[in-house]
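Notes to accompany the following structure.
These values consider heavy atoms only, across backbone and side chains, with no hydrogens, waters or symmetry-generated copies. Nothing fancy with the numbering, it's 1 onward along the sequence. Keep in mind that this is a model prediction, so the values were computed, not measured.
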Amino acid sequence: MHSNVVRRGRGPLAGLMRGNGLFPVFQPIVSLSDGAIYSHEALIRGPQDTSFHTPDALLVAASHESLNFEFENFCVTVALDRWGELRESGRLFVNISAEVLVQVLKHCGRDALIELVSGFGVLPRMLVLEITEYERVTDMDYFASVVRDIRSAGVSLALDDFGDGKSSLRLWSQLKPEFVKIDKYFTNDISQHADKLKTIQALQQIAAIFDTSLIAEGIETEEDLRVLRDLGITYGQGYFLGRPARLPREQVVANALDVMRDRRVAVFPELRRASNSGSLSRLAVVEAPAVTLTTTNDELAMLFLLHTKLHAVAVVDGTRPVGIINRAVFMNEYSKLFYREVWGRKPCMVHANLEPRLIERNHNVDELVGILTSDDQRYLVDGFIVTDNGRYEGMGTGEQLVRSVTETRIEAARHANPLTFLPGNIPISQHIERLLSSGVEFVACYADLNNFKPFNDQYGYWRGDEMIRLVARIALAHCDPQRDFVGHVGGDDFIILYQSADWELQCQGIVSEFAECAIDLFDIPAREAGGIHAEDRHGVSRFFPTTTLSIGAVKIRGGAFTCAEQVASVAARAKHDAKSYGEGLYIRDTQDFSTQ
């Protein structure tokens with residue numbers, strides 16, 4: 001059974017291999033939709049309570065004793081032997097490096113390999129070769145042919161640790177494996193990291209293209225399991241689902257099973273800061289003619305006469321813009337008495353602004369905001385020059401720049417409010433849709449401030465913003481971040497979507513805590529008077545009590561609504577009732593509303 005290298009080896013690993021000191025353990029791979037055990041992965045272990053117990057130590061020893069090839073073969077053989085001995089009928093994942101797989105096929109061929117597998121009592125169609133170290137593949141085309149050969153016998157393929165920095169998208173495309181394991185870096189604390197969630201959603205799109213099932217590795221907490229389940233990841237693996245053990249598990253760990261059977265929806269992490277992603281690629285660039293260093297004033301004047309809507313022209317040296325000439329400023333000079341006779345045939349460079357505002361087409365909006373707020377505001381009159389990799393492309397106006405930045409900021413605010421960094425309208429709607437799809441009962445709360453406008457008019461936007469941020473902080477403090485969703489519609493309007501059973505108590509806590517804290521934002525005379533004198537919407541001065549918070553709550557029962565718009569509408573009506581009746585919390589049942 002052992003090769004000559006192993007028999008002659010004097011190292012501790014060779015001794016363990018000869019003496020059957022290594023054994024396999026099996027970790028479950030679980031269906032995240034229902035908690036059923038889909039398969040097991042075979043992992044190798046050394047003697048308990050020794051330095052060779054962990055797989056990392058064994059791999060180091062294999063490298064040190066030059067037994068990499070023999071050790072890998074030994075691990076596969078031991079795993080298959082034990083699986084057959086246990087008479088397990090389920091699917092088994094075994095690890096093998098791409099390099100060793102190629103060597104095995106070269107030495108014994110596909111038929112001999114399949115005969116070996118079958119000899120252990122393992123059906124080829126129940127075997128999944130989990131390819132490791134595939135970043136070392138130098139001839140992808142040949143490796144793909146090896147995989148096709150093995151797959152033709154019924155063996156399936158998985159790529160291990162995809163996303164660990166060494167993974168190859170090309171290999172995924174060529175091999176089209178039945179399974180891809182997502183590296184645990186992306187699954188660990190995914191409930192807290194929106195960027196990891198977005199990455200996995202991107203992998204899901206790739207998996208759909210190649211008809212691949214994803215397996216999330218390293219699941220260690222209830223929160224991460226809930227998010228991965230709700231993302232629609234097919235399978236999962238990790239300590240929270242089941243640790244590696246000598247015998248295969250018949251059932252998932254009870255706590256994990258409870259999570260997968262719980263219909264409550266996970267709250268996906270959102271990017272806390274409003275994204276300013278965007279570029280001038282969507283800005284309408286004027287493809288305007290340019291002038292050169294030798295263009296005369298007469299030629300420039302003729303150019304402006306031909307292009308009546310051109311606000312300015314760029315001066316280029318070859319393809320590189322070096323200046324900008326404002327139409328109004330130039331024509332004002334050109335129209336002066338005797339100007340044409342004296343200066344008409346001389347270069348127009350004398351009128352150029354040699355420090356023009358240059359903007360690349362792929363400029364990030366964050367950089368564009370810096371232009372808008374800079375001390376040099378000449379771009380408002382001159383406009384700016386658009387370049388592509390430093391080459392002249394065309395002209396843009398200050399108005400276009402302001403509009404582009406404003407539109408991008410507004411779009412970003414729909415995803416994350418820039419004041420509170422809470423999810424905006426789009427994530428709010430998406431979460432409501434997920435709640436409705438799950439059929440779970442939840443409570444939609446719409447929170448709004450009373451007498452906020454007089455306060456904002458009296459003390460200014462800075463203190464007004466502080467009050468809005470106060471609402472956000474208190475609302476978040478009275479929500480379970482794994483169960484309850486807090487969104488900022490805009491202004492002083494907030495949406496809270498509760499799945500927690502104590503939602504009513506939490507809402508009352510929000511109302512009372514806000515009343516206690518908001519009073520500190522008023523000055524002392526206003527606190528003593530219980531409010532302020534200010535003009536109402538009709539310009540009439542009257543007394544307004546200190547700002548309080550109203551919350552309208554609607555219990556949403558499964559099947560009562562079909563879209564997020566309906567839920568938002570009834571929640572807004574409940575908020576209106578709460579403000580009308582002067583109550584901090586006003587509760588309505590879905591039966592009180594018509595969904596028509």
Test item: [X] side-chain N/O and [Y] main-chain N/O as donor-acceptor pair under 3.5 Å:
X: Glu133; Y: Ala98; answer: no
X: Asp160; Y: Ile131; answer: no
X: Glu130; Y: Ala158; answer: no
X: Asp484; Y: Asp480; answer: yes
X: Ser438; Y: Leu435; answer: yes
X: Glu223; Y: Gln482; answer: no
X: Lys196; Y: Asp189; answer: no

- Query: For Ser191, what residues pass the side chain to side chain donor-acceptor pair (under 3.5 Å) criterion, not counting sequence neighbours?
  - Reply: Asp224

With sequence neighbours excluded, tell me which residues meet ring pair (Phe, Tyr, Trp, His ring centres under 6.0 Å) with [X].
X: Phe485; result: His431
X: Tyr498; result: none
X: Phe26; result: Trp83
X: Tyr235; result: Tyr38

- Task: Determine which pairs satisfy ring-ring contact (aromatic ring centres under 6.0 Å, His included) with at least one residue from residues 85-110, sequence neighbours left out, and list them in order.
- Result: Phe93-Phe179

- Query: Do we see a donor-acceptor contact under 3.5 Å between the side chains of Arg110 and Ser152?
  - Reply: yes

- Item | Gln174 versus Asp141, side-chain donor and acceptor atoms under 3.5 Å | yes

- Message: Is there a side-chain contact (heavy atoms from CB on, under 4.5 Å) between Leu231 and Ile190? Walk through the geometry before answering.
- Response: CA-CA 11 Å; Leu231 275 173; Ile190 189 176; 4.0 Å; yes

For residues 238-259, run the donor-acceptor check on the side chains, cut-off 3.5 Å, and write out each pair with its distance to 0.1 Å, sequence neighbours left out.
unit_1	atom_1	unit_2	atom_2	d
Arg249	NE	Gln251	O	2.9
Arg249	NH2	Gln251	O	3.3

- Between Leu203 and Trp172, is a side-chain contact (heavy atoms from CB on, under 4.5 Å) present by the stated rule, with each step listed? CA-CA 11 Å; Leu203 290 178; Trp172 187 351; 4.1 Å; yes

- Item | Test: Glu220 and Lys184 ion pair at under 4.0 Å | no

Say you draw a straight line from [atom1] of [X] to [atom2] of [Y]; how long is it, rounded to the nearest 0.5 Å?
X: Leu101; Y: Ile96; atom1: CG; atom2: CD1; answer: 5.0 Å
X: Thr420; Y: Phe494; atom1: OG1; atom2: CZ; answer: 5.5 Å
X: Ser118; Y: Leu113; atom1: OG; atom2: CG; answer: 9.5 Å
X: Ile510; Y: Leu505; atom1: CD1; atom2: CG; answer: 10.5 Å
X: Trp503; Y: His478; atom1: CH2; atom2: NE2; answer: 15.0 Å

Partner residues of [X] under the salt bridge (Lys or Arg N to Asp or Glu O under 4.0 Å) criterion, sequence neighbours left out:
X: Arg226; result: Glu222, Asp262
X: Glu513; result: none
X: Asp230; result: Arg434

- Only pairs at least two apart or in different chains count here, so list each side chain to side chain donor-acceptor pair (under 3.5 Å) that has a residue in residues 92-102. Glu41-Asn95, Glu72-Ser97

Heavy-atom pair of closest approach, residues [X] and [Y]:
X: Ile428; Y: Leu497; value: O-CD1, 4.4 Å
X: Leu58; Y: Gly46; value: CD1-N, 3.9 Å
X: Asp81; Y: Phe120; value: CA-CD2, 3.5 Å

- Task: Identify, with sequence neighbours excluded, every residue that meets side-chain contact (heavy atoms from CB on, under 4.5 Å) alongside Arg125.
- Result: Leu123

